[in-house]
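Here's the structure we're looking at; comments come further down.
Letters A, B, ... mirror the listed sequences (proteins, then strands); counts begin at 1.
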Amino acid sequence: MKEKITTAFWNEVAEPDDPYSAERCYCSGYDVYGDLIKKAAWLDYLYLLFKQTRPTQEQSALLNVLAIAVANPGPREHSVQAAMSAGAGGSGAAASLMAAIGVGAGNLGGAREVFHMMQAWQRCGNNLPRWLEYFAGFSEQNCSASDVQESSGDVWLPLEHPPGFAPHGVRCAQPVKQTLTRLVECYKESNRDGRGGEHTSWLLQHREELEVAVNMPLAMTSVIAAAMLDLEFDAEQGEMLTLLLRLPGAAAHALEQRERGWKSFPFHGDDLTVTNDPQRELPIAPVNSSEI
Amino acid sequence: MKFEGGIDKLSFWENNWLTDMGGWFPGERVVLRGQDMFSELKDLTWMGQLMLGICGRQFDEKQVQLFDGIWRISTSFPDPRLWNNRIAALAVSARSTSNLGVSAGLAVSEATIYGHRPLLATMKFLCSTQELLERGEPLASILIERLNIQVNGRPGSGKNRQVAKIPGFGRPITKQDERVIPLLEFAETLGFSDGVYVRLANDIESMLQSFGHNLRMNISMLMGAMCADQGLTPRQYYHYITLCFSAGIMFCARDAEKKPEGSFFPHRCECIDYQGPGMRDWE
């Protein structure tokens, strides 16, 4: 055997007479089917997979709150709409989840925004002046979206708003505030010495100052980023976990719409206007659609 | 605390998608970029239609042949060992659908050591270099400045993986890019082998050689140069390359269909090289 799969957290011992079937599977040294399966909670196992260590009691509680908070962004949210659109048209289960992942990966409320926020946090720490400087630099770019797109060499479109904030929001949404408050509470409840939970606590304490600096309300992506950092995940792990933890709602909504069918799902039949339709007598000026 | 927010911006778009891309008039006609697809655009090839949709302008026959040839020569190998092609082979070997495998393979094509990221970065590098040259900056100083950029990630492994500082040179697995000469020869038949950006690509390669960098131009440099010579912007190019690997990925799905289920490079348990902690109990 020339090439091997190198891994720091998974090992398998083959059945005595079948080299292609595992008799025992070990995750970071724990016997998954012989021991761990009887004793571990699912989210603790999830944490073990990503971190190769068990979560502390407070991290376990925090992950539980986070997993509930992000499990279903609701049927209006982009990634869930994508899953439902797949379901309504009669696409399969995998297509629905692939749609949710693809759409929920981005810079507006998506996993990439969480990634950016976590990276920014790693630069700024829990230090308000540094954050204010970071956001000031962001606004000084003062580029129109199309200018930035033109200069970008990356596959991602550049950020069009400071990461972690809701560009269309009027005030911090109640679920965002409730999640942040609950994360801080649960850390305190499960941690007797009061240590840990620094990022969520700091965010709760400074939310309004940050919102004033950015001139936008805090978004759920900031709360997710703070919780991920308290859980000691890095930005790449946080991005991946955000995608993963948001799938339950997408899956459930897709299944529901699949059964209900396309006729009860919005098609926007009268909502599309072709501004340069050759049969239109008076063309309409397009909005925000310059060629890039 | 209350902010101005973007409620007005959002409410403008509510039930209101204004577009100059086109649309379907059910039971009647389809409009693309302001033209009727079944009458005005009926003579377009698929590639011609794709490029009209992406760029908003019609390319002539030779240009469309070039875009088609770039895909044919450069991006659709029937080899399931390649990382994106492998997804389709795995999918079908595991008896998922070919479409799911191809779709996932296309997503995976947004890679760092090959695929969309280096392709786009190379195009951008060519455009920005040409812009600086036109402002009078010497090529040597442009390249030296680029080589001196501090980066916090490498293309091949580690955290923050990112495309090489000077993209479009070198290649994983082999140093020789067998596609460069065939694509140049093909482009020559169309008269597209000597444009401003193709010449720039050659100049960059020569300059890097003179610096002692023993890396040769790879196909992404040539693809980017040829498309820049046709006036594509980096963003238009990004959309053009989005499906460029699709045929190769599909070939691998088709190939796996004919094999027994589970037969694509099965691994024995012993192929796992475990480097983690020893056995322990979950107390």
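Proximity to chain B (any heavy atom under 4.5 Å) is restricted, for Met98(A), to the side chain, taken from C-beta onward. Of the atoms belonging to Asp18(A), not a single heavy atom falls under 4.5 Å from chain B. For Glu23(A), no part lies under 4.5 angstrom from a heavy atom of chain B. Heavy atoms closer than 4.5 Å to chain A are found in the side chain of Phe25(B), but not in its backbone. Proximity to chain B involves both the backbone and the side chain of Tyr30(A), based on heavy atoms less than 4.5 angstrom apart. Residue contact with chain A, scored on non-hydrogen atoms closer than 4.5 Å, is absent for Ser96(B). For chain A, the nearby parts of Asn160(B) are the backbone and the side chain; heavy atoms of each come within less than 4.5 Å. For Glu40(B), the part lying near chain A is the side chain, with the backbone staying farther off; criterion is any non-hydrogen pair under 4.5 Å. Proximity to chain B (any heavy atom under 4.5 Å) is shown, for Glu208(A), by both the backbone and the side chain.
Applying the 6.0 Å contact sphere to CZ of Arg76(A) captures no more than 12 heavy atoms from other residues, nucleotides or ligands. Within 6.0 Å of CZ in Arg54(A) there are more than 12 heavy atoms belonging to other residues, nucleotides or ligands.
Distance check: Phe165(A) CZ to Cys172(A) SG gives 9.0 Å after rounding to the nearest 0.5 Å.
Counting heavy-atom pairs closer than 4.5 Å to chain A, the top residue among Ala104(B), Pro167(B), Cys269(B), Gly276(B) is Cys269(B). Your options are Ser21(A), Ser28(A), Pro278(A), and the one with the most heavy-atom pairs under 4.5 Å with chain B is Ser28(A). Of the listed residues (Asp270(A), Val212(A), Asp31(A)), the one with the most heavy-atom contacts under 4.5 Å to chain B is Val212(A). Of all the listed residues (Cys25(A), Gly34(A), Ala40(A), Pro266(A)), the one sharing the greatest number of non-hydrogen pairs under 4.5 Å with chain B is Ala40(A).
A 4.5 Å side-chain heavy-atom check between Trp282(B) and Lys38(A) finds every atom pair outside the cut-off.
Contact between Leu180(A) and Leu218(A) at its shortest, heavy atoms only, is CD2-CD2, 4.3 Å.
Under a 4.0 Å N-O distance rule, the pair Arg112(A)/Glu239(A) qualifies as a salt bridge.
If you look at Tyr33(A) and Tyr26(A), their ring centroids are not closer than 6.0 Å. Taking the six-membered ring wherever Trp is involved, the centroid distance between the rings of His267(B) and Tyr20(A) does not fall below 6.0 Å. If you look at Tyr114(B) and Trp83(B), their ring centroids are closer than 6.0 Å.
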